[in-house]
There are 2 protein chains.
Amino acid sequence: MLTERQSRILGFIIGEYVEHATPVASQYIEQNYPVGASAATIRNEMAELEEQGYLNHPHTSSGRVPTGKGYRLYVETLMREEEVPWDAQQTILHQFHQIEQGQESWAQLAAAVLAQSVENAAVVTTPRMDVCRIKHLELVSLHDMTFLLVLVLDEGRLEQQVLSSGGLYSQEELSATATQLNRRYEGKTSKELAGDETDLSELELLVMEAVHSVMRSVDEGGAEEAHLEGLRHVLSQPEFSNSEAVLGLLELLDGQNLSRAIPLRALAREGVTVIIGADSPQLTNASEAMRACSVIVGSYGAPGDASGALAVVGPMRMRYSRTISTVRYLADVMSELLSEQYEGPTG
Amino acid sequence: MLTERQSRILGFIIGEYVEHATPVASQYIEQNYPVGASAATIRNEMAELEEQGYLNHPHTSSGRVPTGKGYRLYVETLMREEEVPWDAQQTILHQFHQIEQGQESWAQLAAAVLAQSVENAAVVTTPRMDVCRIKHLELVSLHDMTFLLVLVLDEGRLEQQVLSSGGLYSQEELSATATQLNRRYEGKTSKELAGDETDLSELELLVMEAVHSVMRSVDEGGAEEAHLEGLRHVLSQPEFSNSEAVLGLLELLDGQNLSRAIPLRALAREGVTVIIGADSPQLTNASEAMRACSVIVGSYGAPGDASGALAVVGPMRMRYSRTISTVRYLADVMSELLSEQYEGPTG
DNA sequence: GATTAGCACTCTCGCATTGAGAGTGCTAAC
DNA sequence: GTTAGCACTCTCAATGCGAGAGTGCTAATC
């Protein structure tokens with residue numbers, strides 16, 4: 001257990017280290033923080049904190065650096081969560097209301113806003129239902145024997161697929177078919193579809209097979225898109241000053257690997273979760289490159305209803321207070337926007 | 001002007017340097033390439049090549065390194081374009097036919113394939129008409145006073161926008177409205193729309209205003225999406241071994257800046273264009289970080305019809321022959337796929 | 001006159017050394 | 001329990017050195 005003074009010193013050291021990224025010396029603390037004790041005493045306390053695993057020594061004669069355990073204690077008990085400053089709130093709201101068309105770029109935008117706001121990398125997934133339902137489908141003739149299937153799912157998500165038919169159909173025929181299928185299948189889930197595909201024309205069968213396969217892949221999360229922004233913030237931190245580390249992280253987060261490296265959906269739960277270092281069992285495959293990083297995960301939307309996840313990825317040495325509150329704030333903003341859009345402004 | 005032997009030596013040096021990224025010595029050339037002259041003679045020729053600006057000296061006593069001018073000569077006259085190896089072709093085709101649904105992820109996939117194939121970064125833009133036309137529109141009720149406008153444009157591109165209406169409309173009313181609007185506006189361009197918006201109901205007006213604004217922004221290229229993949233290949237090259245260079249390039253290409261840094265549409269023309277170093281006037285704003293890079297730009301689709309651009313970004317020290325032929329090959333594959341999908345398999 | 005062998009010269013790179021500075025750990029006094 | 005004082009450790013930057021690589025030049029050769 002830590003004494004009051006030890007806790008305060010740990011807090012000071014973390015604050016100092018987060019800001020300057022350089023090991024913190026006893027003398028420096030004495031001169032810049034109101035500890036009420038001499039450097040020697042602070043040194044003793046530091047030794048004790050190190051004994052208990054909250055601090056570390058790069059080498060014999062250098063200042064102290066917080067460990068993962070140190071950060072965790074800080075986040076869980078020492079830190080007090082600060083409000084998101086009013087002007088930061090305004091900036092976020094402003095940027096958000098710039099674009100409010102469909103969610104094509106919504107998640108992307110959210111990621112960019114978040115990244116800029118906390119000056120770290122941010123990931124935002126598109127909102128998704130646990131099990132999606134057909135809201136509407138439409139068939140649009142493209143040319144000769146090909147046409148486009150447009151599928152609107154219940155959270156307003158769009159899916160499309162180009163189909164080649166065996167025969168030639170006019171737009172009128174396609175529209176009529178679409179109307180019929182809509183009447184029959186609206187509101188159905190992928191599972192409910194499975195048992196209800198008798199008595200269909202050749203065209204209808206072709207369409208419904210495609211619908212089925214699209215919905216399955218959406219259900220499986222294959223269609224979940226995670227947008228990453230602001231990697232540069234993380235990579236310009238001093239912990240990535242050697243380019244090996246840069247490549248490690250880049251390899252991990254760039255491109256397709258993202259969702260494998262950070263299983264956002266699995267991590268997102270009510271409230272905000274903080275993962276410090278690669279300590280969490282969920283991040284085992286992340287390993288190496290993530291060892292010096294922390295992830296702050298939040299979720300938006302309503303559970304059961306459409307929901308998505310948002311996260312900040314940054315070095316372990318991170319302004320947790322600010323970051324956590326920003327994630328929480330943004331999650332609220334996004335939840336609200338989502339419910340406004342899809343449940344009516346009055347709802 | 002260069003003699004035959006000088007040209008060959010330049011070619012050897014470039015080949016060597018491209019592969020090993022280390023300055024090339026006269027003795028090495030003598031022992032590994034059929035020049036038919038001694039190291040001393042090769043040294044003399046190298047001095048001459050340097051005089052003329054094709055080679056460079058990192059310092060007095062080190063081998064030679066090609067300059068931008070050297071690479072340009074190589075690409076324009078010395079190099080012979082190699083065929084894309086059969087198995088590489090197969091790999092590309094295979095990967096491409098894995099997914100062939102709409103182009104949501106198409107450009108992304110193409111970028112990934114290209115990046116992997118040439119082991120460099122790749123950018124692919126979504127196909128786009130010079131001036132887009134309405135193919136079809138659809139209205140889907142979401143909740144109470146909001147509904148979704150789904151707009152299918154002529155190259156099969158989908159756009160969506162959430163609208164809030166003044167009043168309450170049923171799905172039937174919305175569908176009827178959509179049918180009417182389709183009849184009236186199908187095939188129209190943004191401009192043609194402008195003069196033809198009289199005599200509309202409140203709902204219709206709301207919809208057509210949204211349609212108009214979406215189409216304008218698509219026309220302006222604001223909606224053009226450029227997908228970047230494989231940055232890691234470039235960044236792991238030795239020219240980016242110091243992390244400053246990494247950050248420079250990352251800042252430039254990551255996120256929103258991409259299309260500003262490389263104005264793909266402006267660069268793409270018939271055939272394949274090679275930009276070596278930041279020598280091209282079009283890349284002036286790219287500057288610094290791109291100075292050590294080359295860009296190979298191609299275009300796919302048909303001019304006048306839907307078309308897009310694809311590009312490879314890599315260090316100046318690049319396997320030009322292979323890269324150029326791969327870009328050309330992929331452009332052909334994509335053009336074909338595009339025409340198959342949207343002009344009918346028989347066309 | 002072009003080519004080549006030979007050699008001095010230059011510059012890099014890796015390695016060990018050195019000295020200053022920072023910060024701790026320990027001991028003894030308060 | 002706290003603190004002053006001091007020796008000790010380790011880093012970091014600068015310096016010097018030797019080996020090695022590769023050139024540039026000169027003089028001999030074909």
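Both backbone and side-chain heavy atoms feed into the values below; hydrogens, waters and symmetry mates do not. First the proteins, then the strands, lettered A, B, ... as listed; each starts at 1.
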Heavy-atom distance under 4.5 Å between the side chains of B/Val274 and B/Ile276, does that happen here? yes

Could you check if a side-chain atom of A/Val84 sits within less than 4.5 angstrom of a side-chain atom of A/Leu330, using non-hydrogen atoms only? no

Quick check for you: to the nearest 0.5 Å, what is the distance between B/Arg5 atom CZ and B/Thr41 atom OG1? 6.0 Å

Can you find a pair of side-chain heavy atoms, one from A/Glu16 and one from A/Tyr33, that are under 4.5 Å apart? yes

B/Leu249 versus B/Leu235: any side-chain heavy-atom pair under 4.5 Å? yes

Nt span of DNA chain C in reach of chain B heavy atoms at under 4.0 Å, 5' end first, is C/dT3 to C/dT12

Is a side-chain donor-acceptor pair under 3.5 Å present for A/Glu82 with A/Ser321? yes

Does a side-chain N-to-carboxylate-O contact under 4.0 Å join A/Glu119 and A/Arg319? no

Any chance the side chains of B/Gln237 and B/Arg317 put a donor and an acceptor closer than 3.5 Å? yes

What residues from residues 56-65 of chain B pass a heavy-atom cutoff of under 4.0 Å to DNA chain C? B/His59, B/Thr60, B/Ser61

How would DNA chain C look in dot-bracket form, 5' to 3', counting Watson-Crick and G-U wobble pairs with both distances under 3.5 Å and writing | for bases paired to another strand? ||||||||||||||||||||||||||||||

Residues from residues 14-45 of chain B sitting under 4.0 Å of DNA chain C, heavy atoms only? B/Ala37, B/Ser38, B/Ala40, B/Thr41, B/Arg43, B/Asn44

Scan for ring-ring contact (aromatic ring centres under 6.0 Å, His included) pairs involving residues 39-86 of chain A, sequence neighbours excluded, and state none if there are none. A/Tyr71-A/Tyr320

Report the residue from A/Val113, A/Val327, A/Val312 that forms a side chain to side chain contact (heavy atoms under 4.5 Å, CB included) with A/Val118. A/Val312

Excluding sequence neighbours, so at least two apart, what forms salt bridge (charged side-chain N to carboxylate O under 4.0 Å, His left out) with B/Glu50? B/Arg64

May I ask you to check whether B/Gln116 and B/Gln95 show a side-chain donor-acceptor distance below 3.5 Å? yes

